[in-house]
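Right, one structure below, let's go through it.
Just so you know, these numbers use all the heavy atoms, side chains as well, and skip hydrogens, waters and symmetry mates. Ligands are counted one by one from 1 in listed order, and the atoms in each one are counted from 1 as well. All values derive from a computational prediction rather than experimental measurement. For this chain, numbers begin at 1 and follow the sequence in order.
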Amino acid sequence: MHTITDSWALAWQLVLKADPELLGIVALSLRVSATASAAGAVAGLLLGAWLAVARFPGHALLVWLVNTLLALPAVVVGLLVYLLLSRSGPLGALGILFTPTAMVVAQSLLVTPLVAALTRRLVLAALAEGGDQLHTLGARPLTAALLMLVHDRLGVATVLLTAFARAIAEVGAVMIVGGNIAGITRVMTTTIALETSKGDLGLALALGGVLLAVVGAVNGAIGLLHWLGGRMPRGAGTNPVPAPAPVPRRPAAPATPGAPLVVAEQVSVRFGQVRALQDVSLTLRRGDRLVLVGANGSGKTTLLRALQGQRPSTGRCTHLALQPEGRLPRTAMVFQRPFLLRLSVRRNVLVGLWLAGVPAAERAARCHDALACVGLLAQAGRPARVLSGGQQQRLGLARAWSLQPDILFLDEPTASLDPGAQREIETLVHAMAQGGITVAMSTHHLGQARRLATRVAYLQGGRLVVERPAAQFFGGTPLPDEAAQFLAGELGWR
Ligand SMILES: Nc1ncnc2c1ncn2[C@@H]1O[C@H](COP(=O)(O)OP(=O)(O)OP(=O)(O)O)[C@@H](O)[C@H]1O
């Protein structure tokens, strides 16, 4: 017990005295482990992100291997690197055995599987939340995975800190490939091992305390940076939100209204045993504001996604060239809860433009116009995730509108908004449609469907029961029984 209390006092003395030999050892420990962590981070982050999205024969085996290597003993890594770098080994000609470089190599190998395994889990969790939405924005799987690393920077920092701690605390690898040469390869852990073997347990424990203090200081510095980052001014957060500006009209193209843009033929979608859509045939025409209605689970979202381009199980959805432009229509999708990256409002729009391949020179202006159009210009510098639900949805619309879509798909865009925010979104959608965008959306609000739709489609159990011009759908023309009952039930309050 005495040894432990004495060792704490000794640790403080060592730190306060700033002993030059100790400082040299601490500096080398930091240099070796920080370099190894950086090298392991580059390899591990890329490997983990790739493993999260890649699919190939043997993928599961590789994931298993990486996860198993988490338990790789440092001594084994040391021995392997020793055999590689020793004079008779394949890399012996490099002459780096018993140098800090060899220690960096060994520790990099040790931390790479750790970074890769943790990164893969982190990316998978983020993709489960927002992968689909990044995909509809045009992100390829690996791009989406790498974007998630930017999105979850705090998670990545934690992974890297874990790797650094694992590196600086290991003794087996650095002892074998470094040789514990005083002034050259002696680091904190090898010094502790040496003092232990000499029987100076108090000094060994004191050095252990210093090592913990060093890691604590690194940890604290990262926390401080994060805290300072959070306090940086980020634009006018408390400014009153200006009302949405009138949506600028697109340059008037001599469009052919009513020309077919998307033709769905006998489209069925299955999820395992669930038949989400059954033999749906539908044509979306230029200038339509098609609104899908139906109970929960009736297939509205699935149909919107199929119309946007997700491959159905059977049947087909064909996008036809715009007339007279002669090119395929551009599409964008807005979801009930837009997935926003942990970046500023402005950067969220810019990332969407980047993913869509918009030239860099155009992005800033298009981003500015889009934020102005939804009344979020004053919030451009704020973190997107601190916006209110209605503001986040307007940002989702701005991101979609900035892509200059010909068809805008909106999946229950006002489902979680208060009546005021709902009206704001409706006004924007209406204005975008007036500006020449064809709209297909789903909603549970029949009042909204009545206000926005030019055509209404009613789905039930994955089947398209009826599709009519809005005036006929709501105007008392006889409807199939199921649709009539739905309308009567929903509009019973009238
Ligand atoms: N990824 C999926 N995996 C498994 N089943 C799914 C998936 N997506 C949808 N489904 C199922 O397909 C059916 C149709 O779902 P969909 O989301 O299209 O309906 P919806 O009309 O949009 O519902 P809501 O109004 O509640 O959003 C449901 O039974 C749903 O559980």
For Asp279, salt bridge (Lys or Arg N to Asp or Glu O under 4.0 Å) partners two or more places apart: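 With sequence neighbours excluded, Asp279 shows a salt bridge (Lys or Arg N to Asp or Glu O under 4.0 Å) to no residue whatsoever.
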Of Thr136, Asp411, Asp132, the residue whose pairing with Arg305 passes side-chain hydrogen bond (donor to acceptor under 3.5 Å, both in side chains):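 Exactly one pass, corresponding to Asp132.
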Selection residues 419-441 - residue pairs positive for ring-ring contact (aromatic ring centres under 6.0 Å, His included), sequence neighbours left out: none
Candidates Arg451, Arg289, Arg394 - the one meeting salt bridge (charged side-chain N to carboxylate O under 4.0 Å, His left out) with Glu426: Arg451
Plane angle bin for Phe56 and Trp50 - parallel if under 30°, tilted between 30 and 60°, otherwise perpendicular: parallel
Pairs involving residues 114-130, ordered by first then second residue, that meet salt bridge (Lys or Arg N to Asp or Glu O under 4.0 Å) (sequence neighbours left out): Glu129-Arg385
Shell of residues surrounding ligand 1, defined by a 4.0 angstrom heavy-atom cut-off that is strict: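 If the criterion is a heavy atom under 4.0 Å, then ligand 1 touches Phe271, Val274, Ala276, Ala295, Asn296, Gly297, Ser298, Gly299, Lys300, Thr301, Thr302, Glu412, His444.
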